[in-house]
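Encoded as C-alpha cells, the structure appears first; notes follow it.
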Amino acid sequence: MCCNATLLTYDFNERWAGFANQSLSYLPNEQYDSPMVDSRTDATTTLGLLYKF
C-alpha cells in the first residue's frame, strides 16, 4: 500500500492550537484485484484542537 499525507498545524495563542491532516492510500494491483476490495483509493481527513498545559 502506498500513501501520502499532509499535516498542518496552527497556534491560535500560547495555549491553543489546531491541526488538520489529509491522507490518501493507494492499493497496488495485487490487493485491488481481491473481491473484498471496493475501491483502489482511501482518503481520510482528521481535524483537531490541542490545549497545551
Side-chain angles (χ1 to χ4, degrees):
M1 182 183 311
C2 179
C3 53
N4 293 313
T6 301
L7 175 64
L8 302 171
T9 60
Y10 180 77
D11 290 331
F12 298 113
N13 57 38
E14 63 184 32
R15 293 281 185 200
W16 288 96
F19 68 90
N21 183 48
Q22 176 69 48
S23 64
L24 178 67
S25 299
Y26 180 81
L27 295 175
N29 288 337
E30 296 83 20
Q31 293 174 345
Y32 181 62
D33 290 340
S34 169
M36 297 172 47
V37 175
D38 293 330
S39 176
R40 183 179 294 267
T41 59
D42 181 41
T44 305
T45 301
T46 306
L47 301 173
L49 288 173
L50 302 169
Y51 181 78
K52 303 172 191 175
F53 292 95

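These numbers come from a predicted model, not from an experiment.
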Original post:
Do Phe53 and Phe19 belong to the same hydrophobic cluster, where Ile, Leu, Val, Met, Phe, Trp and Tyr are linked whenever their side-chain heavy atoms lie under 4.5 Å apart, directly or via other members?
Top reply: no
Subject >> Same cluster (ILVMFWY, side-chain, under 4.5 Å), Tyr51 and Phe12 >> reply: yes
Original post:
Any idea which heavy atoms bring Lys52 and Asp11 closest together, and the distance?
Top reply: NZ-OD1, 2.9 Å
**OP:** Return yes when atom CG of Asn13 has more than 12 non-hydrogen atoms of other residues, nucleotides or ligands closer than 6.0 Å, and no otherwise.
**Re:** yes
Original post:
If you round to the nearest 0.5 Å, how far is CG of Leu50 from OH of Tyr10?
Top reply: 14.0 Å
Subject >> Spacing of CG belonging to Asn21 relative to OG1 belonging to Thr6, to within rounding of 0.5 Å >> reply: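 So the CG of Asn21 and the OG1 of Thr6 are separated by 7.5 Å.
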Original post:
When you measure from the side chain of Arg40 to the backbone N and O of Leu27, does any donor-acceptor pair fall under 3.5 Å?
Top reply: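 Yes, because the side chain of Arg40 sits within donor-acceptor range (under 3.5 Å) of the backbone of Leu27.
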